[in-house]
Amino acid sequence: MQAHLDAGTPHVIRFRMPLEGETSVHDLLRGEMTFQNANLEDLVLLKTDGYPTYHLANVVDDHLMEISHILRGEEWIPTAPIHLRLYDAFGWDAPKFAHMPLILAPGGGKLSKRHGSTAMEEFRAQGYLPEALMNYLALLGWSLDGTTEMFSRDELLETFTLERVNPSPGTFDYNKLRWFNQQYINHVLSLDDLTLRVMPFLGAAGLIAPGPFGPEHPDFTRVRPAVALLKDRIETLAQAPDLIGYFLLPDLEPYDPALLVPKKMTREQVLAALEAVEAILPEVDVDNEEATEVRFRTLADELGLKAGSLFMPVRVAVTGRTQSPGLFETLRVIGGERVRARVAEAVARLRAWTPAEQPTEPAHAGS
RNA sequence: GCCCCCAUAGUCUAGCGGCCCAGGACGUCACCCUUUCAAGGUGAAGAUCGCGGGUUCGAAUCCCGCUGGGGGUACCA
């Protein structure tokens, strides 16, 4: 050995474990965990390059920082007894340990970069709110009473205890995360706050002017009323551009004219209805939702249509889609001028459109 | 292979010997509301408490075995 040292042979420094006896670690969640010393390996402490491994570094560092409790993932359980012996070898008191349950990916296996998102930035980019993520994560492996589900950061700080952490691993459920996100978007955040959070996504989609995004941003007052109407169906902020686009764009993206014609109505009926709408629009004040609704219902009667049969074509004409918030609040926020232009556009499109033959048999699947 | 952790519905979770033939939530389904979609409201289905042995007057709750899932097994953390 001395010869090797003299020759400068590359080497590492290991931590020698006893060959007999056992070492037990007291875990705050799992109680006593006992290991046979014969099974503990002689971990490398210093690598060939002279740098310490995590095992040496974490012990020294935590001691110097006077760490009292170590909470880490349960993948560290197997090395815990060795770390304990390291503290002992240094003659230091070991901190208390708690090995937290792992989070499993939906398909099984430890959640990782390959299997689901792990970086906070990814969740942010996908439109998840920090509040929602924190709330969801807190309840994955912990519960206050099995019933309470919404927790603010401060409430979590107040009520969280190690004792109520469930040691069994949990599966990450995007469904539930989305539900929490939607709850915060629809019921917790103020309208101003939500508007501010949505704006970067709208900006990135080119729907509004570039940032910085604050209450002084030129589009803030345009975005806010649209967000007010859509907030109950925004699950993630990333969905906002698609859901809100037609409120912000001067003109609609091209849509399929077939959408204008509801089931059980003909092109001719819809055309007549939209022409009638176009005709009354100049005398309608869309800012007055109630009056507008009364006028539209009266028009439906005059045309011999059910209200819904009139509303749907108008909805599509004005939004380009069959799903939207209530029609009259939508008209109000889009504004009279654009409403008139879009209805006129729809009439023109419908005139130029011929319904496709309704196939009486399902089309044969092409090969 | 060897070592270790875990085990209540598809998922998260309450339960810490009798109040549980198991409570809450997501998801699913139905109904209500309704101008669409949501949101909201009401209700339903869904768990032989992984299996088998014990202990006990009594077990989801305690003990043992098995099975299953997960982690570790690097000069990565």
Side-chain angles (χ1 to χ4, degrees), chain A residues 10-14 22 24-25 27 29-31 33-58 72-82 99-106 108-111 136-150 163-183 185-187 229-235 239 243 259 262-263 293 296-297 300 305-316 319 321-331:
Chain A
H11 61 279
V12 299
I13 307 280
R14 288 177 181 273
E22 50 191 32
S24 58
V25 180
D27 184 278
L29 297 183
R30 302 155 206 272
M33 301 188 292
T34 303
F35 301 79
Q36 295 301 312
N37 290 155
N39 290 326
L40 302 182
E41 53 184 317
D42 296 343
L43 284 184
V44 170
L45 258 24
L46 289 172
K47 299 185 265 188
T48 305
D49 61 13
Y51 281 95
T53 59
Y54 166 83
H55 305 292
L56 206 214
N58 102 84
R72 44 156 47 162
E74 69 174 300
E75 68 263 40
W76 291 106
I77 290 178
T79 46
I82 306 178
H99 290 90
M100 309 302 279
L102 244 28
I103 296 175
L104 271 25
K110 185 162 67 161
L111 192 65
Y136 169 68
L137 250 17
L139 254 17
L140 214 197
W142 172 85
S143 77
L144 177 65
D145 52 17
T147 301
T148 315
E149 47 200 6
M150 298 299 285
E163 290 67 45
R164 294 197 60 83
V165 171
N166 179 166
S168 61
T171 305
F172 197 97
D173 182 359
Y174 283 91
N175 253 331
K176 198 153 187 180
L177 204 214
R178 223 176 295 126
W179 179 81
F180 273 108
N181 211 52
Q182 190 267 121
Q183 289 294 309
I185 286 174
N186 194 19
H187 301 299
L229 298 192
L230 268 319
K231 73 189 186 95
D232 63 7
R233 67 207 73 193
I234 297 176
E235 292 179 314
Q239 297 168 344
L243 288 171
L259 295 177
K263 289 184 284 286
E293 177 164 357
F296 271 67
R297 286 187 183 277
L305 292 174
K306 288 201 293 182
S309 298
L310 175 63
F311 295 176
M312 183 52 84
V314 177
R315 164 175 292 111
V316 174
T319 68
R321 52 187 73 193
T322 55
Q323 301 169 3
S324 81
L327 183 58
F328 303 103
E329 49 189 3
T330 300
L331 295 182

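A note on names: the letters A, B, ... follow the listed sequences, proteins ahead of strands, and every chain is numbered from 1.
Counting only distance, with no hydrogens or angles, the side chain of A:E74 and the backbone of A:L102 share a donor-acceptor pair below 3.5 Å. In terms of modelled atom types and a separation under 3.5 Å, the side chain of A:R164 and the main chain of A:S143 share a donor-acceptor contact. With hydrogens and angles ignored, the 3.5 Å screen pairs a side-chain donor or acceptor of A:T53 with a backbone N or O of A:V44. Distance alone, capped at 3.5 Å, is enough to place a donor-acceptor pair between the A:N58 side chain and the A:H55 backbone.
The base of B:U35 sits within donor-acceptor range of the side chain of A:R315, with an N or O pair under 3.5 Å.
Residue A:G326 is classed as a base contact, given a heavy-atom separation below 4.0 Å to a base. At a threshold of 4.0 angstrom between heavy atoms, the contacts of A:G141 are confined to the sugar-phosphate backbone, with no base atom among them. Note on A:Q183: only backbone sugar-phosphate atoms sit closer than 4.0 angstrom, heavy atoms only; bases stay farther off. Backbone-only contact: A:E41 has heavy atoms under 4.0 Å from sugar-phosphate atoms and none from a base. A:P325 comes within contact range of at least one nucleobase, with a heavy-atom separation under 4.0 Å. Within 4.0 Å (heavy atoms only), A:R14 reaches sugar-phosphate atoms of the nucleic acid but no base atom. Counting non-hydrogen atoms under 4.0 angstrom, A:L327 reaches a base of the nucleic acid. Using a 4.0 Å heavy-atom cutoff across all strands shown, A:S324 reaches at least one base atom of the nucleic acid. Within the 4.0 angstrom heavy-atom criterion, no nucleotide atom of any strand lies near A:F296. When heavy atoms are screened at a 4.0 angstrom cut-off, A:W76 is found touching base atoms of the nucleic acid. A:S143 comes within contact range of the sugar-phosphate backbone alone, with a heavy-atom separation under 4.0 Å but no base atom that close. As judged by a 4.0 angstrom heavy-atom cut-off over every strand, A:V44 is placed among residues touching the sugar-phosphate backbone only.
Pairing of B:G46, defined by two Watson-Crick or G-U wobble distances under 3.5 Å, is not identified with any nucleotide. For B:U34, there is no paired base (Watson-Crick or G-U wobble, both distances below 3.5 Å). B:G68 and B:C6 make up a base pair, with Watson-Crick or G-U wobble contacts both under 3.5 Å.
To the nearest angstrom, P of B:A39 lies 14 Å from CG of A:N181. The CD-C1' distance, from A:E293 to B:U34, rounds to 11 Å in whole Å. For the pair A:L331 CG and B:U36 C1', the computed distance is 13 Å after rounding to whole Å. The interatomic distance linking A:L102 (CG) with B:A77 (C1') rounds to 14 Å, in whole Å. As a whole-Å value, the separation of A:K263 NZ from B:U36 P is 12 Å.
Applying the 4.0 Å criterion to OP1 and OP2 of B:A14, one finds that A:N166 has a side-chain N or O inside that range. For B:U36, neither phosphate oxygen OP1 nor OP2 lies less than 4.0 angstrom from any side-chain nitrogen or oxygen of A:R321. Note on A:Q323: every side-chain N or O is 4.0 Å or more away from OP1 and OP2 of B:U34. Between A:K231 and B:A38 there is no side-chain polar atom (N or O) within less than 4.0 angstrom of OP1 or OP2. Regarding contacts with the backbone of B:C76, a side-chain N or O of A:K47 is found under 4.0 angstrom from either OP1 or OP2. Remark: A:R72 is not in phosphate contact with B:C5, judged by side-chain N or O atoms under 4.0 Å from OP1 or OP2.
Of all nucleotides listed (B:U36, B:U35, B:C5), B:U35 comes nearest to the side chain of A:R297. Side-chain atoms of A:R30 lie closest to B:C6 of the nucleotides B:A39, B:C2, B:C6. Of the candidates B:C3, B:U11, B:C5, B:C5 carries the atom nearest the A:M33 side chain, counting heavy atoms from C-beta on.
Between the side chains of A:N181 and A:R178, not a single donor N or O lies within less than 3.5 Å of an accepting N or O.
The two atoms that bring A:P101 and A:L29 nearest to each other are CD-CD1, 4.3 Å, heavy atoms only. Annotation for A:M33 and A:D27: closest pair CE-CB, 3.8 Å, computed over non-hydrogen atoms. Looking at every heavy atom in both residues, A:L140 comes nearest to A:G170 through CD2-CA, 3.7 Å. In terms of heavy-atom proximity, A:A80 sits nearest to A:H99 at CB-CE1, 3.8 Å.
Comparing A:H187 and A:V165, the nucleotide of RNA chain B nearest to each residue sits closer to the 5' end for A:V165. With the nearest nucleotide of RNA chain B identified for both A:E74 and A:I234, A:E74 has the one nearer the 5' end.
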Practice task
Would you give a per-nucleotide map of nucleotides 22-29 of chain B, 5' to 3', where B means the base has a protein non-hydrogen atom under 4.0 Å away, S means only the sugar-phosphate does, and - means neither?
Solution key: -BBBSS--
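Residues A:Y136 and A:Y174 keep their aromatic ring centres 6.0 Å or farther apart.
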